[in-house]
Amino acid sequence: MRNQKTLKFVFSSLFVLLLFSFTLKSDRIQAPENEIFSSFLQTVCDQYVTEVDNASLLKKAMQSICSSLDQYTAFYDSLETIKRAEHWKGLQYCGIGVNLFNDNGLVVVDGVTENGPADIAGIIPGDIITSVGGKEVAALSFSETMNLLRGDSGIGVKVNVNRGNELLHFDIERTPLYSPAIEYAGFPEKGLFYIRLSHFLQGSADSLRNCIAVARKTAKIDSIVIDLRANSGGLVQEAVDVLSMFLPTGTRVCETRGRYPWSNTSYQTKNESPDTVTPLFLITDGKTISAAEIFAGAIQDLDRGLIFGTSTFGKGIVQGTRFLAHGASLYLTVAHYYTPSDRCIHRTSMQDQDKQKVFYTKKGRVVKAGGGVFPDIQVDEGKTIPEIQYLQQSRAFFRYAVVLARQPDNYKNPGDVLITNQQVDQFLKFLTTDKQAVFSSDHSSLMSTFNNMEPGNRKLLQPEFDKMEQKIRREAIKALSGNKQQLKNAIGAELVRQLFHESGRIGYMIFDEPYVRKIAIIRK
């Protein structure tokens, strides 16, 4: 009986999906195919060797259909649909606001959400969580620990941590945690206002508008830099609302074009008093995606500003949420985006076609096509030596910064952090005993190979391994000692992040940003 009821749900859901998918061309619904699928599913459910979870089977079938279309089209059940609605508002989750990582079985705090519950309570990076809600972390998986820290808003949870030799107890109330649109805003130099914009979700335009308004009350703004690196995109209307701040009212900033008339839309700016004068500079990279690309493409095509950095991701397709039966939804690709110069910025489906065309900005500049938005000006960022990159990946800077952060230095703001030569030398000494530090791919391979050996073989080869490992370590430390400025930057950035959160780190590094330095020169 349960199977029959579930199958009715399965078939009704499938019918809704098929009806939606083919309603515009009903001649594509072929009775034989429907009958084949129905008999196929019925046979699997009735005769498979073990009992089949019919609802799960259908969900996988629909997910498979979506993935066969493109990487963005997706099916969501009712709970997932609710969570996605929260996502568009910037809601990450309800919890205490900690980022964790698994360190050989230990659950370590990597960072805390600025002004979040854990931050206010006093949890800091480097703390090791030992129990949550009375349950010992040692007996839990990492994901189980994460789930225990999350829960309904307003409900408290007891968290115990080890900090050095101390065992600390916290009683923290969970709260909704939202991703801020503005990660950082400030003046790298007089008149140059820099903003790190992280997404285009609901309220992003209002956040940016308020941010600039507040800054204008405190200082004169000669130029504005909007950093879109790693901007995850979001809602096209939010991008249009931000464009409305900088372009004349009624300016066409993008179009959508699809197979059917209802998918063709033109977006115009709407703002009675836009700022069309202040010089505008954007910074992009390969993680600038979707709505952020629409914003960047319009600014470039309409010659409202210059783009620095590297080409964007190239996601120029329109997805719409279509609500199905029982609270489920389908996130379906229905059109492509086109910038004002008539470029399609989607990297896969249109790039070969568009590479053969020439596109012009409003003032007649030639702009590239072929997927993504290409920068107007590229800047040599300088190369970080490989040893530093591997040390960052193996969290050596994190571990050393934990030591520095707990010393009684009087750091009141990020500008107080000044890494000395003595601290660099101490870090190099720290690396001689930090067994978790990795310096190169060869070093990583050596450690992985040795650690995966049988215990008897490890014991036999331990002396030889130690010799090889120490040789790699000595050579790497020697290379590092000749790059003290890069070490100062890496140590300082991590220390500031632990003391003053990610916003502090961005502000600390902004003065040495190659793109910002180049913009500062060009604007003069």
Side-chain angles (χ1 to χ4, degrees), residues 181-189 191-200 204-205 207-209 211-212 215 221-234 236 238-247 251 253-254 267 269 274-316 337 339-341 343 345 359 361-363 365 367-369 371-381 506 509-510 513-524:
I182 309 295
E183 287 189 286
Y184 172 83
F187 289 88
E189 65 172 49
L192 182 63
F193 190 47
Y194 169 96
I195 306 163
R196 176 70 71 91
L197 187 64
S198 64
H199 57 65
F200 285 88
S204 295
S207 295
L208 183 64
R209 187 178 295 106
C211 175
I212 295 175
I221 297 178
D222 297 328
S223 305
I224 296 175
V225 178
I226 300 180
D227 193 340
L228 298 173
R229 285 175 294 182
N231 185 298
S232 58
V236 64
E238 288 293 323
V240 173
D241 289 347
V242 175
L243 287 165
S244 296
M245 298 168 56
F246 303 107
L247 294 166
T251 302
V253 291
C254 80
Y267 291 88
T269 55
D275 175 2
T276 60
V277 177
T278 305
L280 193 62
F281 303 93
L282 309 183
I283 306 176
T284 63
D285 67 3
K287 295 180 181 179
T288 305
I289 186 170
S290 187
E293 297 178 273
I294 294 169
F295 175 77
I299 292 295
Q300 185 179 59
D301 284 0
L302 298 169
D303 290 303
R304 179 59 183 88
L306 292 175
I307 299 178
F308 292 71
T310 56
S311 59
T312 61
F313 182 84
K315 182 177 181 285
Y337 284 115
T339 68
S341 69
R343 289 182 291 170
I345 60 177
F359 297 88
T361 68
K362 184 178 180 180
K363 293 182 179 179
R365 291 189 302 121
V367 285
K368 292 182 180 180
V373 177
F374 293 81
D376 298 301
I377 300 173
Q378 292 184 327
V379 179
D380 182 10
E381 293 186 82
I506 296 172
M509 296 298 293
I510 198 65
E513 269 279 0
Y515 294 120
V516 176
R517 290 203 305 268
K518 185 69 173 180
I519 290 170
I521 294 171
I522 288 178
R523 78 186 186 102
K524 295 177 180 178

Rounded to the nearest 0.5 Å, how far does [atom2] of [Y] lie from [atom1] of [X]?
X    : Y    : atom1 : atom2 : answer
I195 : L228 : CD1   : CG    : 10.0 Å
T278 : L280 : OG1   : CG    : 8.5 Å
I510 : R196 : CD1   : CZ    : 7.0 Å
E513 : I519 : CD    : CD1   : 9.0 Å
T361 : I299 : OG1   : CD1   : 12.5 Å
I345 : F374 : CD1   : CZ    : 11.0 Å

Main-chain N/O of [Y] paired with [X] side-chain donor or acceptor, under 3.5 Å:
X    : Y    : result
D376 : L306 : no
S198 : A181 : yes
S204 : H199 : yes

Under 3.5 Å, which donor-acceptor pairs do the side chains of residues 307-316 form with other protein atoms, sequence neighbours left out?
residue : atom : partner : partner atom : Å
T312    : OG1  : E293    : OE2          : 2.6
T312    : OG1  : V373    : N            : 2.7
K315    : NZ   : Q319    : OE1          : 3.0

Exercise. Might you work through the side chain to side chain contact (heavy atoms under 4.5 Å, CB included) test for I226 and L208, ending with a clear yes or no?
Key: CA-CA 10 Å; I226 300 180; L208 183 64; 4.3 Å; yes
Looking at [X] and [Y], what are the two nearest heavy atoms and their distance?
X    : Y    : answer
G297 : P340 : O-CD, 4.4 Å
C254 : V236 : SG-CG2, 4.1 Å
A205 : M245 : O-SD, 4.1 Å
A520 : R523 : O-CG, 3.4 Å
A239 : A291 : CB-O, 3.6 Å
F359 : S341 : CD2-O, 3.3 Å

Self-check item: Worked verdict on L192 versus V516 for side chain to side chain contact (heavy atoms under 4.5 Å, CB included)
Solution: CA-CA 9 Å; L192 182 63; V516 176; 4.2 Å; yes
Quiz item: Name the one of Y515, Y184, Y194 that satisfies side chain to side chain donor-acceptor pair (under 3.5 Å) with D227?
Solution: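 It is Y194, the one option of Y515, Y184, Y194 that forms the side chain to side chain donor-acceptor pair (under 3.5 Å) with D227.
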Quiz item: So do the side chains of N231 and I289 get within less than 4.5 Å of each other, counting heavy atoms only?
Solution: no
Quiz item: Step by step, would you call L302 with L243 a side chain to side chain contact (heavy atoms under 4.5 Å, CB included)?
Solution: CA-CA 11 Å; L302 298 169; L243 287 165; over 6 Å; no
Practice problem: Please name the residue in the list R343, R365, K363, K362 that meets the salt bridge (Lys or Arg N to Asp or Glu O under 4.0 Å) test with D301. | Solution: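 Answer after filtering R343, R365, K363, K362: R343.
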Quiz item: Given T269 and F246, is the side chain to side chain contact (heavy atoms under 4.5 Å, CB included) satisfied, shown in steps?
Solution: CA-CA 9 Å; T269 55; F246 303 107; over 6 Å; no
Quiz item: Angle class for the F295/F200 ring planes (parallel below 30°, perpendicular above 60°, tilted otherwise)?
Solution: tilted
Quiz prompt | Qualifying residues under side chain to side chain donor-acceptor pair (under 3.5 Å), relative to T288, sequence neighbours excluded | solution = D285
